[in-house]
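Notes to accompany the following structure.
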Amino acid sequence: QVQLVESGVGLVQAGGSLRLSCAASGRTFRSNVMGWFRQARGKEREFVAAINWTGGRTYYADSVKARFTISRDNTKNTGYLQMNSLKPEDTGVYYCAADLAGGTENSDYDYWGQGTQVTVSS
């Protein structure tokens with residue numbers, strides 16, 4: 001079992017930066033792929049980024065490449081999403097997720113956080 005709690009609720013202007021954190025409980029987190037997803041109002045939840053258990057491999061949606069950076073610190077059981085050059089279209093509820101295998105689909109993850117709101121004003 002892995003429990004996830006996101007933090008980093010933010011209201012930021014376009015072009016600004018924000019870092020989200022995902023604190024995990026459960027010893028198995030260290031062996032899980034961690035992913036970040038987001039859901040804009042009226043839209044389906046979409047993949048943002050993922051990182052393997054060692055932190056050596058990362059994957060990004062095309063829409064956030066070169067602007068977002070996913071990382072993790074297994075000694076702290078915490079994952080991060082650094083978001084730079086934010087755009088209004090980045091607005092949404094951001095969720096962290098964990099799974100032994102992971103992937104880019106919602107169905108690839110067994111464990112989810114409650115989500116945290118990110119709002120980017122123009």
Side-chain angles (χ1 to χ4, degrees):
Q1 286 282 346
V2 177
Q3 294 182 330
L4 305 171
V5 179
E6 302 96 339
S7 61
V9 173
L11 172 61
V12 63
Q13 289 187 333
S17 298
L18 190 64
R19 189 175 81 158
L20 302 181
S21 299
C22 176
S25 62
R27 292 178 294 176
T28 59
F29 173 74
R30 298 180 181 185
S31 58
N32 275 250
V33 171
M34 187 188 74
W36 286 94
F37 288 73
R38 67 186 180 188
Q39 186 169 22
R41 185 173 298 179
K43 294 187 177 181
E44 294 186 353
R45 189 162 56 188
E46 64 176 4
F47 171 76
V48 174
I51 186 167
N52 74 332
W53 73 277
T54 66
R57 292 185 180 179
T58 57
Y59 308 88
Y60 296 94
D62 288 342
S63 59
V64 306
K65 278 181 182 176
R67 298 190 299 122
F68 290 13
T69 302
I70 189 172
S71 61
R72 66 192 297 166
D73 184 345
N74 288 337
T75 65
K76 298 180 179 179
N77 270 8
T78 302
Y80 305 96
L81 184 68
Q82 176 67 42
M83 304 184 292
N84 298 328
S85 302
L86 282 161
K87 304 174 182 180
E89 51 263 45
D90 294 318
T91 294
V93 178
Y94 282 69
Y95 299 88
C96 67
D99 187 84
L100 285 176
T104 61
E105 303 293 331
N106 286 277
S107 57
D108 291 333
Y109 292 84
D110 283 338
Y111 305 105
W112 292 86
Q114 81 287 353
T116 188
Q117 178 69 44
V118 171
T119 302
V120 183
S121 62
S122 57

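All residue numbers refer to positions in the sequence shown, counting from 1. Here the structure is a predicted model, which means the values were calculated and not measured.
A donor-acceptor pair under 3.5 Å is absent between the side-chain atoms of Asp90 and the main chain of Val120, judged by distance alone. Distance alone, capped at 3.5 Å, is enough to place a donor-acceptor pair between the Asp73 side chain and the Thr75 backbone. Although no hydrogens or angles enter the test, the distance criterion places no donor-acceptor pair under 3.5 Å between the side chain of Asp108 and the main chain of Asp99. At distances below 3.5 Å, not a single donor-acceptor pair connects side-chain atoms of Gln114 with backbone N or O atoms of Val5.
The nearest pair of heavy atoms linking Ile51 to Ser71 is CD1-CA, 3.6 Å. Across all their heavy atoms, Cys22 and Trp36 have their closest contact at CB-CZ2, 3.6 Å. Heavy-atom minimum distance, Ser63 versus Arg38: OG-NH2, 3.5 Å. Contact between Gly103 and Phe47 at its shortest, heavy atoms only, is O-CE1, 3.7 Å. Of all heavy-atom pairs between Ser17 and Ser85, the closest is OG-N, 4.4 Å. Nearest heavy-atom pair across Thr78 and Ala23 is OG1-CA, 4.2 Å.
Qualifying ring-ring contact (aromatic ring centres under 6.0 Å, His included) partners for Tyr59, counting only residues two or more places apart in sequence or in other chains: none. Here Thr119 pairs with Gln117 under the side chain to side chain donor-acceptor pair (under 3.5 Å) rule; sequence neighbours left out.
Using cut-offs of 30° and 60° for the angle between ring planes, the Tyr95 and Trp112 rings count as perpendicular.
Between Lys65 and Asp62 a salt bridge is recorded (basic side-chain N to carboxylate O distance below 4.0 Å).
No side-chain heavy atom of Met34 sits less than 4.5 Å from a side-chain heavy atom of Leu4. Val33 has its side chain within reach of Tyr109: a pair of non-hydrogen atoms, C-beta onward, lies under 4.5 Å apart. Residues Leu20 and Met83 are in side-chain contact: their nearest non-hydrogen atoms beyond the backbone lie under 4.5 Å apart.
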(request) Test Ser21 against Lys76 for side chain to side chain contact (heavy atoms under 4.5 Å, CB included), laying out the working first. (result) CA-CA 11 Å; Ser21 299; Lys76 298 180 179 179; over 6 Å; no
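Cluster annotation: Val12 is connected to Val48 through the hydrophobic network of ILVMFWY side chains, with a link wherever side-chain heavy atoms come within less than 4.5 Å.
Annotation: Gln82, atom CD; neighbour count of heavy atoms from other residues, nucleotides and ligands within 6.0 Å is above 12.
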